[in-house]
Amino acid sequence: MTNEVILLDFWPSMFGMRTRIALREKGVEFEYREEDLRNKSPLLLQMNPIHKKIPVLIHNGKPVNESIIQVQYIDEVWSHKSPILPSDPYQRAQARFWADFIDKKMYDAQRKVWATKGEEQETGKKDFIEILKTLESELGDKPYFAGDDFGYVDIALIGFSTWFPAYEKFGNFSVEQECPKLTAWVKKCLQRESVAKSLPEPEKVTEFVSMLRTKFVAE
């Protein structure tokens, strides 16, 4: 069977980064197509008619939507190499729990850090730091969330790290001061080729966030 893999994505998306990392962990060749989210391609609208969002993974003409589902799909289809989810059912359930925690908590809280001001921003910053501390507590002294092996929860979270300097700039706090173990984990993840190739430069993301803030947040 031929393996035609296309990824419709947008470079600063922490969700798209997950799919990029998972594909590279498995050594899957894929065609990356950058989307203009203000002028979405007909292919994106055709392949994700419900949400009309990136990332969209197209495997042999069939779409898989939602980044965390894409990571699971990639793990199941290319199961011969670099397992992403643990083989033990209980450990797998735990990994899914923490990925779900990240999906339900991180995005809204981080957005308040850079896209609001005043009391709302302070509340968002407090919530965001609390979420990071909860995740750091789960990480503990382990190299990765699953222990010695880079995996599902690491992939779910690491894309946010490239936005950390933007959060620090607009939220006026230091992730490293608040969560030193999580910062060490970020540095360890970035040593992996799959991660380093999939994450944009934090400076570029900060520029992008500055532009968004100028556009959407009235001073």
Side-chain angles (χ1 to χ4, degrees), residues 7-22 24 32 34-38 40 53-55 66-68 71 98-99 101-139 144-145 153-192 194-219:
L7 180 63
L8 309 182
D9 202 353
F10 179 48
W11 69 268
S13 168
M14 62 275 287
F15 302 111
M17 291 175 214
R18 294 170 171 178
T19 311
R20 292 173 230 167
I21 292 167
R24 288 180 170 128
Y32 179 93
E34 184 75 11
E35 283 284 334
D36 177 355
L37 298 187
R38 289 166 300 181
K40 295 171 184 175
K53 289 180 179 177
I54 54 90
E66 298 297 315
S67 63
I68 209 68
V71 172
W98 285 107
F101 175 86
I102 292 162
D103 271 358
K104 284 178 176 164
K105 299 283 188 179
M106 281 284 284
Y107 186 78
D108 288 344
Q110 64 85 29
R111 197 174 189 287
K112 284 179 185 171
V113 174
W114 66 262
T116 63
K117 60 180 184 175
E119 195 176 322
E120 189 179 1
Q121 185 185 40
E122 283 304 308
T123 303
K125 183 169 85 171
K126 185 181 169 190
D127 290 346
F128 182 68
I129 291 169
E130 193 176 309
I131 290 162
L132 290 185
K133 285 182 180 292
T134 300
L135 289 164
E136 183 178 64
S137 176
E138 171 58 21
L139 176 67
Y144 301 112
F145 279 89
V153 183
D154 306 294
I155 291 172
L157 182 60
I158 191 61
F160 286 92
S161 71
T162 199
W163 287 61
F164 282 0
Y167 306 150
E168 292 174 330
K169 178 179 179 178
F170 299 112
N172 193 28
F173 70 101
S174 163
V175 173
E176 186 162 15
Q177 280 182 8
E178 298 286 350
C179 301
K181 287 181 181 177
L182 204 62
T183 303
W185 164 82
V186 169
K187 289 173 183 172
K188 187 168 182 62
C189 288
L190 283 167
Q191 291 170 7
R192 300 184 73 83
S194 65
V195 176
K197 277 189 170 182
S198 301
L199 268 58
E201 290 296 322
E203 296 80 11
K204 194 179 169 192
V205 174
T206 302
E207 272 179 40
F208 172 73
V209 176
S210 297
M211 181 195 71
L212 288 182
R213 187 172 169 85
T214 304
K215 199 170 177 180
F216 296 118
V217 184
E219 295 300 337

[X] versus [Y], closest heavy-atom pair with distance:
X    : Y    : answer
P200 : V205 : CG-CG2, 3.7 Å
V113 : R213 : O-NH1, 4.5 Å
T162 : M17  : CG2-CE, 3.5 Å
E34  : W11  : OE2-N, 3.0 Å
A166 : T206 : N-OG1, 3.5 Å
L190 : A196 : O-CB, 3.6 Å

Could you tell me which residues satisfy side-chain hydrogen bond (donor to acceptor under 3.5 Å, both in side chains) with R20, sequence neighbours excluded, listed by chain and number?
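For R20, the residues satisfying side-chain hydrogen bond (donor to acceptor under 3.5 Å, both in side chains) (neighbours in sequence not counted) are D9.
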
Separation between [atom1] of [X] and [atom2] of [Y], rounded to the nearest 0.5 Å:
X    : Y    : atom1 : atom2 : answer
Y144 : C189 : OH    : SG    : 6.0 Å
I54  : E35  : CD1   : CD    : 8.5 Å
F160 : M14  : CZ    : CE    : 4.5 Å
R111 : D108 : CZ    : CG    : 9.0 Å
K53  : E66  : NZ    : CD    : 7.0 Å
T116 : E122 : OG1   : CD    : 9.0 Å

Exercise for the section: Taking atom NZ of K105 as the centre, report whether more than 12 heavy atoms of other residues, nucleotides or ligands fall under 6.0 Å from it. Expected result: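 Counting neighbours around NZ of K105, 12 or fewer heavy atoms of other residues, nucleotides or ligands fall under 6.0 Å, so no.
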
Note to self: Can you tell me if K125 has over 12 outside heavy atoms packed within less than 6.0 Å of its NZ?
What the structure shows: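 More than 12 heavy atoms, drawn from other residues, nucleotides or ligands, come within 6.0 Å of this atom.
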
Check whether any side-chain heavy atom of [X] sits under 4.5 Å from a side-chain heavy atom of [Y], and report yes or no.
X    : Y    : answer
W163 : F208 : yes
W114 : Q121 : no
F15  : D103 : yes
Q177 : E168 : no
I102 : R18  : yes
K112 : T123 : no
L135 : M106 : yes
I21  : V71  : no

Hey, is the main chain of I158 close enough, under 3.5 Å, to the side chain of S161 for a donor-acceptor pair?
->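 Yes, S161 side chain to I158 backbone: donor-acceptor pair under 3.5 Å.
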
Could you tell me whether the side chain of R24 and the main chain of T19 form a donor-acceptor pair under 3.5 Å?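 Flag not set: sc R24 to bb T19 has no pair under 3.5 Å.
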
**Message:** Going by salt bridge (Lys or Arg N to Asp or Glu O under 4.0 Å), name the residues that satisfy it together with E178, two or more places apart in sequence or in a different chain.
**Reply:**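 In terms of salt bridge (Lys or Arg N to Asp or Glu O under 4.0 Å), with neighbours along the sequence ignored, E178 is linked to K133.
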
Kindly indicate, with the supporting measurements, whether the criterion side chain to side chain contact (heavy atoms under 4.5 Å, CB included) is fulfilled by Y167 and L132. CA-CA 12 Å; Y167 306 150; L132 290 185; over 6 Å; no

Of the options F101, W98, F145, which is the one that meets L157 in a side chain to side chain contact (heavy atoms under 4.5 Å, CB included)?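 Among the candidates, only F145 passes.
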
Please tabulate, for the side chains in residues 179-188, all donor-acceptor contacts under 3.5 angstrom to protein atoms that are two or more places apart in sequence or on a different chain.
from, atom 1, to, atom 2, distance (Å)
K181, NZ, D141, OD1, 2.8
T183, OG1, C179, O, 3.0
W185, NE1, D154, OD1, 2.8

